[in-house]
Trainee: 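Supplied in structure tokens, the structure appears directly below.
Counting starts at 1 for both ligands and their atoms, following the listed order.
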Amino acid sequence: MSARSPDQDRTAPTDAVRREPFGTTAEGREVERFTLASTSGITITVLSFGGAIQSIMAPDRRGMLADVTLGYDTLAEYERDKSYLGALVGRCANRIRAGRFSLDGRDYTLARNAGGNHLHGGKRGFNKAVWNVEPFEERGDVGLVLEHVSPDGDEGYPGTLRVRVSYRLTANAELQIDFHATTDAATPVNLTQHAYFNLAGTGSGDILGHELELSASRFTPVDETLIPTGELRSVRGTPFDFSTSEAIGARIESDDEQLRLAGGYDHNFVVDRNGTGELALAARLTEPVSGRGIDIHTTEPGMQFYTGNFLDGTVAGKGGIPHRYRSGLALETQHFPNSPNEPSFPSTILRPGAEHRSRTVYHFVTRG
Ligand code: GLA
């Protein structure tokens with residue numbers, strides 16, 4: 001096992017991080033799986049393919065463990081995946097209108113892979129890359145540092161982008177995710193983690209009974225191709241108001257134009273915060289039967305709440321169980337979709353000499 005890690009104050013990994021082969025990609029790249037086990041009782045497996053979180057074992061209020069994230073058993077299934085299950089997403093998460101943007105007077109055309117729009121980094125986004133991964137253990141935390149270099153012109157993006165993501169699992173049952181990137185030419189960057197959660201346990205049914213609270217007074221309504229219109233709309237009096245905890249299914253079928261356009265929730269919420277760049281509580285998710293919950297803090301300005309409306313049961317996941325309609329939900333911390341074309345949205349442009357940094361923390365809890 002390699003004990004090298006980029007930060008000098010880190011010590012060699014112990015048996016709290018396990019490293020094993022996970023297969024070979026169609027192009028012949030070796031893929032590994034890492035298991036992070038923390039004294040909190042949370043155990044997470046991560047693949048070097050896509051940096052994907054494959055499983056998260058979490059206790060319920062009685063201490064019973066279940067795997068609370070959607071994923072697959074084999075590498076071939078991850079290579080075929082079109083739902084971004086558990087993956088790191090980049091260079092830009094979510095949609096860019098018609099795959100076009102202008103930057104510093106130049107027009108760029110990106111890969112179009114979603115009804116004429118660019119989605120989640122294109123045809124081969126960061127979710128399909130084999131990341132370089134090194135484990136670490138530090139002051140009772142266990143973690144991984146994942147690195148990927150996206151070449152100039154990758155899926156149409158300018159500049160060589162060097163990306164580093166770290167997953168740190170703490171003894172306090174937090175998974176802290178840090179994103180870092182630098183570039184040698186100006187480029188948009190919008191990185192996220194695309195875990196799908198089902199806190200009753202993956203394969204156990206839909207997520208409509210989960211209760212959600214979002215610290216978001218506004219959201220970004222979309223057009224029929226799911227591109228934000230540019231408006232920041234108040235959630236008040238709409239099915240998008242999660243300012244107090246609500247069952248996800250309570251209003252999902254209500255007669256609302258935005259729910260109709262997206263076939264459910266698939267919208268970016270504007271995280272309420274005092275000041276910018278600080279960690280703020282963005283979401284609290286609870287599954288009331290098991291008592292499992294997740295609190296999500298982030299430095300990002302937005303959170304895409306997606307109720308698995310494109311899951312249709314045609315693709316099977318772990319244990320051969322199909323990923324049925326709305327059997328998982330994603331809470332993707334990010335900058336707003338289509339930011340490169342919306343000057344009023346917080347900028348996603350990274351320039352040479354600057355550093356992209358963002359942090360998201362999933363705190364696994366039990367309630368009730
Ligand atoms: C995001 C998008 C959805 C969908 C999923 C992946 O959540 O907003 O529209 O593309 O990713 O299937």
Side-chain angles (χ1 to χ4, degrees), residues 50-53 69-72 77-99 110-128 155 190-198 202 206-207 210 212 214 216 219-229 240 248 252 258-271 282-283 285 296 298 300-317 322-339 342 345 348 360:
I53 297 177
T69 198
L70 277 57
Y72 306 102
E77 291 166 296
Y78 278 96
E79 291 186 271
R80 284 197 298 271
D81 169 73
K82 291 190 166 47
S83 302
Y84 304 85
L85 294 192
L88 294 174
V89 175
R91 196 175 289 198
C92 282
N94 215 281
R95 291 173 179 78
I96 296 176
R97 187 192 301 279
L110 304 173
R112 293 185 193 128
N113 57 327
N117 292 324
H118 177 82
L119 174 67
H120 288 331
K123 294 182 174 138
R124 272 193 83 82
F126 295 179
N127 58 307
K128 300 293 184 198
E155 300 291 318
N190 189 5
L191 305 172
T192 194
Q193 218 302 327
H194 207 305
Y196 288 70
F197 297 110
N198 184 326
T202 182
D206 67 47
I207 46 71
H210 284 50
L212 181 66
L214 294 175
F219 75 111
T220 54
V222 293
D223 68 13
E224 61 287 346
T225 72
L226 301 184
I227 297 280
T229 60
F240 292 80
I248 288 168
I252 200 169
Q258 283 297 314
L259 288 173
R260 243 187 342 264
L261 285 171
Y265 296 101
D266 190 355
H267 295 79
N268 168 66
F269 287 75
V270 180
V271 177
L285 180 69
I296 302 180
T298 189
E300 286 290 333
M303 156 115 36
Q304 183 82 11
F305 169 42
Y306 169 58
T307 42
N309 313 308
F310 293 121
L311 301 176
D312 61 6
T314 55
V315 177
H323 288 138
R324 294 202 178 83
Y325 187 50
R326 296 180 176 161
S327 60
L329 67 94
L331 290 162
E332 306 153 54
T333 55
Q334 52 168 222
H335 275 52
F336 307 168
N338 198 36
S339 287
E342 283 292 350
F345 287 177
T348 53
T360 290

Trainee: May I ask you to check whether H323 and Y72 place their ring centres under 6.0 Å from each other?
Mentor: yes

Trainee: Ignoring hydrogens and geometry, is there a side-chain-to-backbone donor-acceptor pair from Q334 to E300 under 3.5 Å?
Mentor: no

Trainee: Salt bridge (charged side-chain N to carboxylate O under 4.0 Å, His left out) with R326: which residues, sequence neighbours excluded?
Mentor: E253

Trainee: So, using side-chain contact (heavy atoms from CB on, under 4.5 Å) as the criterion, who are the partners of A283 when residues are at least two apart?
Mentor: L212, L214, I296, M303, L331

Trainee: Taking the six-membered ring for Trp, are Y265 and F240 closer than 6.0 Å centroid to centroid?
Mentor: yes

Trainee: So, using salt bridge (charged side-chain N to carboxylate O under 4.0 Å, His left out) as the criterion, who are the partners of R80 when residues are at least two apart?
Mentor: none

Trainee: How would you list, by chain and number, the residues with a heavy atom under 4.0 angstrom from ligand 1?
Mentor: S83, Y84, N94, R95, L119, H120, H194, Y196, D266, Q304, Y306, F310, E332

